[in-house]
Amino acid sequence: MIKAQRGTKDIIGEDTFTWQKIQDNARRIFQSANYQEIRTPIFEATELFKRGVGDSTDIVNKEMYTFSVGGKEKSENSITLRPENTAGVVRAYIEHNISRQSPPQKFWYFGPMFRYERPQAGRQRQFHQIGIELFGVESPTADAEAILMAEEFLKSTGVDNLEVELNSLGCPKCREKYRNQIKEVLKPYLDKLCDDCKVRYEKNPLRILDCKDENCQKIFEQDEIKNVILSDYICQECSEHFEKVQEYLNALNIKYTRNKMLVRGLDYYNRTVFEIKSNSLGSQNAVCGGGRYDGLVEMLGGTPTPAVGWAMGVERLFELVEKQQAPKLDYFVVSKYSKEAIKLCQELRNKGYSCDFDMQNRKFAKQLEKAAKISKYAIILGEDEIEKGFYTVKDLSTGAQEQKTTL
Ligand code: ATP
Ligand code: MG
């Protein structure tokens, strides 16, 4: 027996209706706000993620499904299953010269992502993300709009008891100063930090604040460290930008809390970063994460373009939404005359009704039983009906029966 791979799941049975509802809502909400769907390939050049996600991230260092194709182990043949979608969307944005269109250029996506992680509740190796990317606007309206879209989409799925956490990472300039301060104040504790943080200390010190290790967390509680973390390090311009984002969120009545420890896992963020968390998901509680990434388009070879976006984990969202049931068919044709039954189905489906029939010519009672389970009405097509040209329509919720000449 060959089974599904660890960390992957079949989406099957009743669950599919809930997945469809989530996807339908996404399409409706994003299209109504002028976002275009984008579907990029599931695999890309490995180099794209190394540069786009960042060499010092867990994703690139530990979690990528990378393999070489075409026999030769040349680096240009190295491909990777996408661990996230921003890098791919930015690649497509550059490749198709989208920056020539008048900004903003707004995209949304839905699709599977792949990360080699330890499977556990809320953490799979193939999982799905819904996300948006908004290009071309430096103004804080774009940050607010992005967060608004996440809120509106979540609301449409009936999920509303989530917490928005917000922070500003500042620009590369003010971050540089902050990074040095963090390094300095953490220096005496370097030995006590976890192994990952020791590496981060050199490669990407801010990421240390994101560490979930309990010991590291305790170290951050020390006054002198806390003071640096809580300091207002961002420059005047970044500060004004962040003020505006908050002003818009207030006007939109979107509740948020400031979390100065929030730095996000990926290298490319600047200024606004945010996460949306649920307190009913256990330790994998982040449903959505995003922020501004003004440097990424240029870094991947495009013209400098401000951008902001987010990604949401659909499996985690799935846990929170009310589950859908299979919708009932409009009609089920109950008949031992297979040819007439299939023809009637063809006719009804062409008219826009959902309908099915029994392909195995089972006994009348069995067919009716099946109809009652999956359909609103049964159409009984017996000898009499066929000869005289009418249908007996049975309402399967009340049992009432009616003879009709048209449907
Ligand atoms: P985490 O801290 O949970 O690992 P992350 O920072 O790696 O999250 P992002 O890259 O920001 O996650 O992805 C956005 C969202 O995608 C997450 O908030 C989460 O809902 C979802 N997600 C990320 N990794 C997984 C996974 N392995 N399985 C299921 N969902 C995931
Ligand atoms: Mg992760």
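Counting convention: from 1, in listed order, for ligands and their atoms alike. Numbers here simply count residues along the sequence, with the first being 1.
Under a 4.0 angstrom heavy-atom cut-off, Arg264 registers as being in contact with ligand 1. At a 4.0 Å cut-off, at least one heavy atom of Lys212 sits close enough to ligand 1 to count as contact.
At most 12 non-hydrogen atoms from other residues, nucleotides or ligands lie less than 6.0 angstrom from CD of Gln36. No more than 12 heavy-atom neighbours from other residues, nucleotides or ligands sit within 6.0 angstrom of CD on Glu163.
A cation-pi arrangement is present between Arg125 and Tyr116, with the terminal nitrogen or guanidinium carbon under 6.0 Å from the aromatic centre and inside a 45° cone about the axis.
Nearest protein heavy-atom contact of atom 30 (N) of ligand 1 is Phe127 CD1, 3.5 Å. Scanning all protein heavy atoms for the shortest distance to atom 4 (O) of ligand 1 gives Arg123 NH1, 2.9 Å. The protein heavy-atom contact nearest to atom 27 (N) of ligand 1 is Glu117 OE2, 2.6 Å. Ranking the protein heavy atoms by distance from atom 21 (C) of ligand 1 puts Gly313 CA, 3.5 Å first. What sits closest to atom 28 (N) of ligand 1 on the protein, heavy atoms only, is Gln124 N, 2.9 Å. Counting protein heavy atoms only, atom 29 (C) of ligand 1 is closest to Gly122 O, 3.3 Å.
Interface atoms of ligand 1 facing Ala311, defined by a heavy-atom separation under 4.0 Å, are 14 (C), 15 (C). Close approach of ligand 1 to Val287 (heavy-atom distance below 4.0 Å) involves ligand atoms 18 (O), 20 (O). Each of the atoms 18 (O) of ligand 1 lies under 4.0 Å from some heavy atom of Cys288.
No hydrogens or angles considered: nothing links the side chains of Ser278 and Asn285 as a donor-acceptor pair under 3.5 Å. Judged by distance alone, the side chains of Asn85 and Thr40 do bring a donor and an acceptor atom under 3.5 Å apart. Ser68 and Ser78 are not linked by any side-chain donor-acceptor pair at a separation below 3.5 angstrom, with hydrogens and angles left out of the test.
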Handout entry: Check against ring pair (Phe, Tyr, Trp, His ring centres under 6.0 Å), Tyr93 and Phe135
Key = CA-CA 9 Å; Tyr93 178 89; Phe135 296 96; 4.1 Å; yes
Handout entry: Lys9/Asp15 under salt bridge (Lys or Arg N to Asp or Glu O under 4.0 Å): CA gap, chis, key distance, verdict
Key = CA-CA 12 Å; Lys9 263 189 197 156; Asp15 284 356; over 6 Å; no
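For Asp58, no heavy-atom contact with ligand 1 is shorter than 4.0 Å.
Between the choices Ala286, Pro119, Ala121, the shortest heavy-atom distance to atom 18 (O) of ligand 1 belongs to Ala286. Around atom 12 (O) of ligand 1, the closest heavy atom drawn from Lys277, Arg115, Gln129, Glu315 belongs to Arg115.
Put simply, the residue from Arg271, Lys260, Arg258 that forms a side chain to side chain donor-acceptor pair (under 3.5 Å) with Asn167 is Arg258.
Using a 4.0 Å cut-off between charged side-chain N and carboxylate O, Lys226 and Asp223 make no salt bridge.
Under the 4.0 angstrom criterion, atom 8 (O) of ligand 1 counts as lacking any protein heavy-atom contact.
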